[in-house]
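In what follows, every chain begins at residue 1, and chains take the letters A, B, ... in the order their sequences are listed.
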Protein chains: 2
Amino acid sequence: MDNTARLSETHAHSSCAVRSRGDDCRFCGVRHLSICQALESDELDLLEKMASDAHFDERAVLFREEDEAGVVFNITAGVVRLVRSLPDGRRQVTGFALPGDFLGLSLEKTWHFSAEAVTGIVACRFRRAAFEDFSEKKPHLLKKMHAFATHELGLAQDHMVLLGRLTAEEKLASFLVEMKRRWSRVAGHEAGLIRLPMGRQDIADYLGLTIETVSRVINQMQRDRRLVIVPDGIRFVDQTYFDDLAL
Amino acid sequence: MDNTARLSETHAHSSCAVRSRGDDCRFCGVRHLSICQALESDELDLLEKMASDAHFDERAVLFREEDEAGVVFNITAGVVRLVRSLPDGRRQVTGFALPGDFLGLSLEKTWHFSAEAVTGIVACRFRRAAFEDFSEKKPHLLKKMHAFATHELGLAQDHMVLLGRLTAEEKLASFLVEMKRRWSRVAGHEAGLIRLPMGRQDIADYLGLTIETVSRVINQMQRDRRLVIVPDGIRFVDQTYFDDLAL
DNA sequence: AAGGGGCATTGATACAAATCAAAAGAACAG
DNA sequence: CTGTTCTTTTGATTTGTATCAATGCCCCTT
């Protein structure tokens, strides 16, 4: 049984103020993926003293658009969807946060998007003000955060091209290639399997499509022997087809 | 005659290595809009010594996607379009840079988008390495750059919602409201006039539409007495209509 | 095993925006 | 002023994707 599935069975303890971290930053599975890679061993010790574990159940809301950002998160397990909503209910999923991803890079006082657990989540949680103070004393951490924010800006631009200029088929291919690339960096992933823990509606809202179109395109790809649909995801059969279509 | 029109008559001197700045940072018209707002008077003097003026003609290319980012720019006059292109010629305009906007916030070694002059441009130019060194010695400048990058990330997310979930009419309304808001911060703008120095194709590529749809929607808005088309831009007649439609 | 609720899939039809095509306007050079 | 070119506008038609409407399929609970 994989890690995320196991975690989704746990219960949320997000209101628990007591530190109860079983792990040590130095052995953290996502350290090499996260902003913590900027820190030396002694700095990690300091950071660890500021951290608390946060667990969220599937469908739990980590925070809402316009909420005050009292804390920031480093996701260690599970998948989070980042959502901007319109008053009439239309949604745009602006991204999926995977293990190693940081929520709160901007250090701004309010969130500008919502974050909802797609699977059970484990995250390293910090009080925003404390994290901000820490980052001001460690310029290389601030620089790393800036590099991460900047990298996200590049991804956001990629996504604009996808939303504005790609066909439904190209959008799906790009999404699947992106997910394959991102999972390949996560420890414990099964090579070849592209996990899709999010539902079809989330994928549709990420790609600016409807759920029906997502379903039709994926199933057509399966009929065309480009991929096979498996429990919890898909597998590429014709990698070249996807590489040629993707952004 | 407005400033930008005058500037578009000048010739590019971007290869000129000699500093020839007629102005003083302390009297810079875009200082309060730009990252320079983070700096004290003595720091501005230092920065000014690093700066050179860059002029670009209409249609000039400031830099291309994948080019090495040897320099960074602070736009002081004119409008620049930021473009990502697909191999088959499809384009997505990811943004328009107006006076006060900074190109190169990321401090990365290569550009990830092209920048093309929509009008004649005047910019403050810095060698990237020198600017980066300076920012490392002035943590409040780095923090300000991070705040600007973070703000752009928010705008990018807004744009994703626009591209993924708005109708053509809503896209145009959002674009026009955005332009009105942004021009209102630029010194010397005429209140009420929404300048649109970019062509219809640029607007289409910014909104994920075709030039025909942009033309049709704007002209329909004029027929419906929502706006009037004037030389070099438009004017709102029914502000409420736009506020209700815009993101 | 049976019932129920949430997703996902599939089919039929509608429609918003793209595409194709041409005319009308601006901008510019000689 | 006059021809040339480029951009914008307008019209006719097509089309990709959305919408509307069932149906199927898990997974969960009892």
(message) Among C:dA8, D:dT8, D:dT17, which nucleotide has an atom closest to any side-chain atom of A:I211?
(response) C:dA8

(request) Would you mind reading off the distance between B:L209 atom CG and C:dT19 atom C1', rounded to a whole angstrom? (result) 14 Å

(message) Could you tell me how far apart A:E169 (CD) and D:dT17 (P) are, to the nearest whole angstrom?
(response) 9 Å

(request) Among the candidates D:dT17, C:dA18, C:dT9, find the nucleotide nearest to the side-chain atoms of B:T213. (result) C:dA18

(request) Would you indicate what B:R165 reaches in the nucleic acid, counting non-hydrogen atoms under 4.0 angstrom: base, sugar-phosphate, or nothing? (result) nothing

(request) Examine the base of C:dC20 for any acceptor or donor lying under 3.5 Å from a partner atom in the side chain of B:E212, and report the outcome as yes or no. (result) yes

(message) It should be established whether A:R223 places a side-chain nitrogen or oxygen under 4.0 Å from OP1 or OP2 of nucleotide C:dT10.
(response) yes

(request) Determine: side-chain N/O of A:R200 to OP1/OP2 of C:dT9, distance under 4.0 Å, yes or no. (result) yes

(message) Expressed as a whole number of angstroms, how long is the span from A:L196:CG to C:dC7:P?
(response) 16 Å

(message) Check this for me: does any side-chain nitrogen of one of A:R182 and A:D101 sit under 4.0 Å from a carboxylate oxygen of the other?
(response) yes

(request) Run the salt-bridge test on A:D224 and A:R226 with the 4.0 Å N-O cut-off and return the result as yes or no. (result) no

(request) Kindly say if A:N219 contacts the phosphate of C:dA8, meaning a side-chain N or O under 4.0 Å from OP1 or OP2. (result) no

(request) Round to the nearest Å and state the distance from B:L172 atom CG to D:dT9 atom P. (result) 11 Å

(request) Would you please classify the geometry between the A:F175 ring and the A:F96 ring as parallel, tilted or perpendicular, with 30° and 60° separating the classes? (result) tilted

(request) Figure out the CG/C1' separation between B:L207 and C:dA16, and round it to whole Å. (result) 16 Å

(request) Write down the distance between CD (A:E58) and C1' (C:dG6), rounded to a whole number of angstrom. (result) 12 Å

(message) So for A:R216 and C:dG11, does any side-chain atom that can act as donor or acceptor lie under 3.5 Å from a complementary atom in the base?
(response) yes

(message) In this structure, how many angstroms lie between the P atom of D:dT8 and the CD1 atom of B:I234, rounded?
(response) 15 Å

(message) Just the rounded figure in Å: distance from P of D:dC6 to CD of B:Q201.
(response) 15 Å

(request) May I ask you to decide if the ring planes of A:Y206 and A:H159 are parallel, tilted or perpendicular, using 30° and 60° as cut-offs? (result) perpendicular

(request) For the pair B:R84 and B:E65, find out whether any cationic side-chain nitrogen is under 4.0 Å from an anionic carboxylate oxygen. (result) yes

